[in-house]
Amino acid sequence: MRDLLGLSPLDVARAVRDVAPEPFRAAQVLKWIYERRAADFAEMTNLPKAMREALAKDFVIGLPNVVSRTPTSDGTEKFLFELSDGARVEAVYIVESKKAPSWTDPETPGASRVTICLSSQAGCAVDCVFCVTGRMGAGRNLTAGEIVGQYLAIARAKSFGPHEANVVFMGMGEPLLNVANVVRALDLLDEEVSPKRVTVSTAGVVPGIEALAGRPRRPNLAVSLSGADDATRTKLMPINRTYPLAELFAALKRWPLERGRRITFEYVLIAGVNDTLAAAAKLAALVRPLPSKVNLIPLNESKEWLPGLKRPSDAVVNAFAKAVADDGVPVTVRRSKGLQADAACGQLKGREEPARPKGPRAP
Ligand code: SAH
Ligand code: SF4
């Protein structure tokens, strides 16, 4: 059985040639898979029945199995998927109401939209101190089919159509350590989500940033900083040893930004670690030379996985945000509370029940 999901249009045409010889058949199949979110050839009603049956004998549309869905009161819903080898990943369906400021699309503040947060790896080797995915350890790269599969399975479950959602790579894994498959997935979704509506969030993998920079149709870039000097950042994000701030910012200066666009800098605020006004001033000074905006993420706590790490009080978060804004850098605060926090950044585990953590680790 061959999986059609993840194959390029040309490869789909080649694959189905014997069963569906007319050239337009491959385009029909692709339309069913991507636009109409078909999970089965039987759904492809404009194909002759015999052809549907012949396709089903040789091929599958390898959408990931939905193990569980965790809806929250605000419309956000976490999906736990199982992949063909048993690996598990999570993705999140997010609706932002008209009134709420839109952190996934600050270019058009106040717009109501759906955002799909996708995973790129089944774990993460980068091992940031504040991230549950990182605490769980490394996991394999997802294939392009597994990446688009998360999107299509959610689109099917939530019944939204093409061009109705933004995509952010802020789920499990470091997308720029799997850049080839992320790029393939973006190409496959090209008719579905324009690159302007896609944001790739990276811990600062310089070669990956450079690879994306060379592409004619680029997604938006978000860079997770969480420290505005090398000492603080290395303590929180060990990848800073490999790509220290000077090297990272040299690459970001070369990033070809379209007019009116900005690079997003994500900064996870952790009480007593990186939340002082001096840190805010350092952050603003670091990012101000570039067209940038800052997205502050008060830590999503986990007693079990991130013992000892606390979210600062709202007063501290607000003072930090004000200091960054006063220094001339646009800033938004991403708040997730209660149930929603369990489906939020850094909280995706790829399993329903937590296993034994690797043990506490101080920043
Ligand atoms: N690996 C990529 C994308 C996935 S993480 C990256 O690091 O950018 C997505 C975002 O979640 C990052 O900005 C990361 O800093 C943030 N994050 C991780 N753990 C978090 C936590 N416990 N609370 C809040 N944000 C967290
Ligand atoms: Fe990996 Fe991003 Fe988590 Fe760091 S924050 S461990 S890079 S998923």
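Just so you know, ligand 1 is whichever comes first in the structure, and atom 1 is the first atom listed for that ligand.
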Test item, Phe169 contacting ligand 1 (heavy atom, 4.0 angstrom):
yes

Decide whether an N or O pair under 3.5 Å exists between Glu174 and ligand 1.
yes

Could you tell me which atoms of ligand 1, counted from 1 in the order shown, lie closer than 4.0 angstrom to a heavy atom of Glu266?
10 (C), 12 (C), 13 (O)

Going by the order shown, which atoms of ligand 2 are within less than 4.0 Å of some heavy atom of Ala203?
7 (S)

Please indicate whether Glu191 has more than 12 foreign heavy atoms, meaning atoms of other residues, nucleotides or ligands, lying under 6.0 Å from its CD.
no

Is the Tyr151-Tyr93 ring centre distance short of 6.0 angstrom?
no

Under 4.0 Å to a heavy atom of Val126 - the qualifying atoms of ligand 2, by number:
1 (Fe), 7 (S)

Should Leu7 and Arg2 be marked as a side-chain contact (heavy atoms from CB on, under 4.5 Å) after you check the CA-CA gap, both sets of side-chain angles, and the distance that decides it?
CA-CA 10 Å; Leu7 297 187; Arg2 190 156 174 216; 3.8 Å; yes

Can you sort out which atoms of ligand 2 are near Asp127, meaning under 4.0 Å from one of its heavy atoms?
6 (S)

For ligand 1, which atoms have a heavy atom of Leu299 less than 4.0 angstrom away?
21 (C), 22 (N), 23 (N)

Please verify whether a non-hydrogen atom of Gly173 lies at under 4.0 Å from ligand 1.
yes

With a cut-off of 2.8 Å, does any N, O or S atom of Cys124 fall short of it relative to atom 3 (Fe) of ligand 2?
no

Just by modelled atom types, is the Cys131 backbone N or O under 3.5 Å from a matching donor or acceptor in the Thr133 side chain?
no

Does Gly173 come within less than 4.0 Å of ligand 2, judged by its heavy atoms?
yes

Short N or O distance, Phe130 and ligand 1, threshold 3.5 Å exclusive
yes

Using the rule given for side chain to side chain donor-acceptor pair (under 3.5 Å), can you reason through Ser201 versus Glu266, listing the C-alpha separation, both sets of side-chain angles and the distance that settles it, and then say yes or no?
CA-CA 9 Å; Ser201 173; Glu266 294 156 286; 2.7 Å; yes

Checking the side chain of Asp74 only, and the main-chain atoms of Thr76 only, is there a donor and an acceptor separated by less than 3.5 Å?
yes

If we only consider heavy atoms of Gly171, is any one of them less than 4.0 Å away from an atom in ligand 1?
yes

So, Asp187 and Arg217, do they make that salt bridge, N to O below 4.0 Å?
no

Considering Cys124, Cys117, Ser224, Ala222, which one's heavy-atom position lies nearest to atom 14 (C) of ligand 1?
Ser224

Just heavy atoms, cut-off under 4.0 Å: does Val268 contact ligand 1 by side chain, backbone, both, or neither?
side chain

Looking at ligand 1, is there an atom of it that comes within less than 4.0 Å of some heavy atom belonging to Thr133?
no

Taking the six-membered ring where the residue is Trp, are the ring centres of Tyr243 and Phe249 under 6.0 Å apart?
no

Tell me whether the guanidinium CZ or amine NZ of Arg37 lies under 6.0 angstrom from the six-membered ring centre of Phe160 and within 45° of its axis.
yes

Return yes when atom CZ of Arg69 has more than 12 non-hydrogen atoms of other residues, nucleotides or ligands closer than 6.0 Å, and no otherwise.
yes

What atoms in ligand 2 come closer than 4.0 Å to a heavy atom of Gly134?
6 (S)

Could you list the atoms of ligand 1 found under 4.0 angstrom from a heavy atom of Leu306?
22 (N)

Under the criterion side chain to side chain donor-acceptor pair (under 3.5 Å), I'd like the reasoning laid out for Glu77 against Thr70: C-alpha separation, chi angles, the key distance, then a yes or no.
CA-CA 5 Å; Glu77 186 163 342; Thr70 315; over 6 Å; no

At a 4.0 Å threshold, what atoms of ligand 1 neighbour a non-hydrogen atom of Thr202?
6 (C), 8 (O)

